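As the structure is a computational prediction, the values presented were derived from the model and not from experiment.
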Amino acid sequence: MKTNSISLPIPTRDGEFMAHYSEKGLAGLDFPKKGRNVGPAAGVIPIPKAVREWHRTTTRALKQVLSGVKPKDFPPFDWTEGTEFQQNVWKVMGKIAPGKTLSYGEIASAIGKPKASRAVGGACGANPIPVLVPCHRVLAANKKIGGFSGGMDWKHRLLEREGVSVAGN
DNA sequence: AGCCAGTCTCGGA
DNA sequence: TCCGAGACTGGCT
C-alpha cells in the first residue's frame with residue numbers, strides 16, 4: 001500500500017479486517033492479523049469525509065459478503081496498481097454471484113485468453129481486495145480449491161457459508 | 001530466467 | 001475410476 005493511504009479497521013465476527021484507502025477509493029483489504037494491528041493513528045491523521053463514507057460502505061459490503069449476501073453498494077475500488085490483465089481478471093471475478101463459482105480456465109476464456117488459466121491464478125493472488133472481489137469463488141477446473149493468499153481455511157469457510165460444496169484438496 | 005492459487009494427458013494402482 | 005507425474009501454458013517479478 002502507498003504511504004499516503006489511510007488504514008481503518010473493520011471489526012466483524014470473523015475478526016478485524018483492515019481496509020486501506022487512497023484518494024481514489026478502496027485500495028486494499030487485509031484479513032484479520034494474528035498479532036496486534038498497527039494503529040491507524042486515527043487521532044493524528046485527519047480522515048477525509050469521503051474516506052469515512054467509503055469506509056461505511058466497505059464495512060457494510062464486507063459484512064454482507066461474509067454472510068453470503070451480495071452487497072448492493074460497493075465503495076470505489078482503486079486497483080490502478082494492477083496490470084491491464086489483472087484488472088480484467090478482477091472485473092470478471094466481481095461479477096460472480098454468491099453461491100456460484102468459476103474455474104480459472106473459465107475466467108481466462110472470459111477475457112479472451114483461454115490458455116491463461118495459470119496467469120489468472122496469479123492475478124487472484126495479486127488481488128488487493130479479497131472477499132469484496134470474490135477471488136474465493138474461483139476454483140480449479142475439477143472443483144477443487146487451488147490455493148488462497150489469505151489461507152485455504154478462509155476460502156473453504158467463505159464458500160461453505162455461501163452454500164458451495166467444494167472437494168477437498 | 002524463474003516462479004505460479006492451472007489444465008490436460010497418460011500410466012499405474 | 002482415481003490419483004500422481006509430466007508437459008505445456010501465459011503473464012508477472
Side-chain angles (χ1 to χ4, degrees), chain A residues 1-5 7 10 12-22 24-35 37-38 58 61-71 74-169:
Chain A
M1 86 199 78
K2 302 291 254 190
T3 53
N4 61 347
S5 68
S7 301
I10 301 180
T12 72
R13 55 169 163 148
D14 294 294
E16 190 175 77
F17 285 73
M18 195 57 89
H20 309 288
Y21 301 91
S22 68
K24 298 179 184 175
L26 181 63
L29 184 68
D30 289 337
F31 282 95
K33 292 185 170 184
K34 293 300 180 186
N37 284 313
V38 182
T58 300
L62 176 61
K63 289 184 177 179
Q64 290 184 103
V65 174
L66 290 176
S67 304
V69 178
K70 180 182 178 62
F74 287 99
F77 292 150
D78 174 19
W79 49 36
T80 56
E81 307 251 336
T83 62
E84 200 71 30
F85 178 83
Q86 291 172 329
Q87 291 183 36
N88 274 328
V89 172
W90 298 334
K91 191 167 23 170
V92 172
M93 289 193 299
K95 296 179 186 170
I96 309 176
K100 292 198 169 185
T101 62
L102 286 184
S103 71
Y104 294 94
E106 286 171 320
I107 300 255
S109 298
I111 60 179
K113 313 200 175 190
K115 295 186 180 178
S117 60
R118 201 153 187 179
V120 169
C124 291
N127 171 19
I129 315 173
V131 187
L132 291 191
V133 175
C135 45
H136 60 279
R137 295 189 195 127
V138 184
L139 305 179
N142 49 10
K143 294 305 183 202
K144 295 200 177 214
I145 295 183
F148 195 59
S149 57
M152 310 269 293
D153 51 334
W154 269 105
K155 185 165 183 173
H156 207 284
R157 201 193 315 178
L158 287 168
L159 288 172
E160 293 216 319
R161 194 171 291 174
E162 295 180 4
V164 176
S165 58
V166 298
N169 205 17

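Base pairing in DNA chain C yields stems of at least 3 consecutive Watson-Crick or G-U pairs, both distances under 3.5 Å, namely B:1-4 with C:10-13, B:6-13 with C:1-8.
Put simply, the side chain of A:Thr12 gets close to the backbone of A:Asp14: a donor and an acceptor are under 3.5 Å apart. In this structure, A:Gln87 contributes its side chain and A:Gly82 its backbone to a donor-acceptor pair below 3.5 Å. Checking side-chain atoms of A:Arg161 against main-chain N and O of A:Leu66 turns up a donor-acceptor pair under 3.5 Å.
When the ring-ring contact (aromatic ring centres under 6.0 Å, His included) test is applied to A:Trp90, the partners found at least two apart in sequence or on another chain are A:Trp79. Qualifying side-chain contact (heavy atoms from CB on, under 4.5 Å) partners for A:Ala116, counting only residues two or more places apart in sequence or in other chains: A:Phe85, A:Ala108, A:Lys113, A:Ala119.
A:Thr101 is listed as a side-chain neighbour of A:Lys143, based on a closest heavy-atom distance under 4.5 Å.
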_A:Trp154 and A:Phe31: CA distance, side-chain angles, deciding distance, ring-ring contact (aromatic ring centres under 6.0 Å, His included) verdict_ = CA-CA 9 Å; A:Trp154 269 105; A:Phe31 282 95; 4.9 Å; yes

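Shown for residues 87-96 of chain A: no residue has heavy atoms falling under 4.0 angstrom of DNA chain B.
One finds the NE2 atom of A:His20 at 11.5 Å from the OG1 atom of A:Thr58 (value rounded to the nearest 0.5 Å).
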*List the protein contact pattern of nucleotides 6-13 of chain B with one symbol per nucleotide (5' to 3'): B for base contact, S for sugar-phosphate-only contact, - for none; contact means a heavy-atom distance under 4.0 Å.*
BS------

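With a heavy-atom cut-off of 4.0 Å to chain A, the contacted part of DNA chain C has its first and last nucleotide at C:dC8 to C:dC12.
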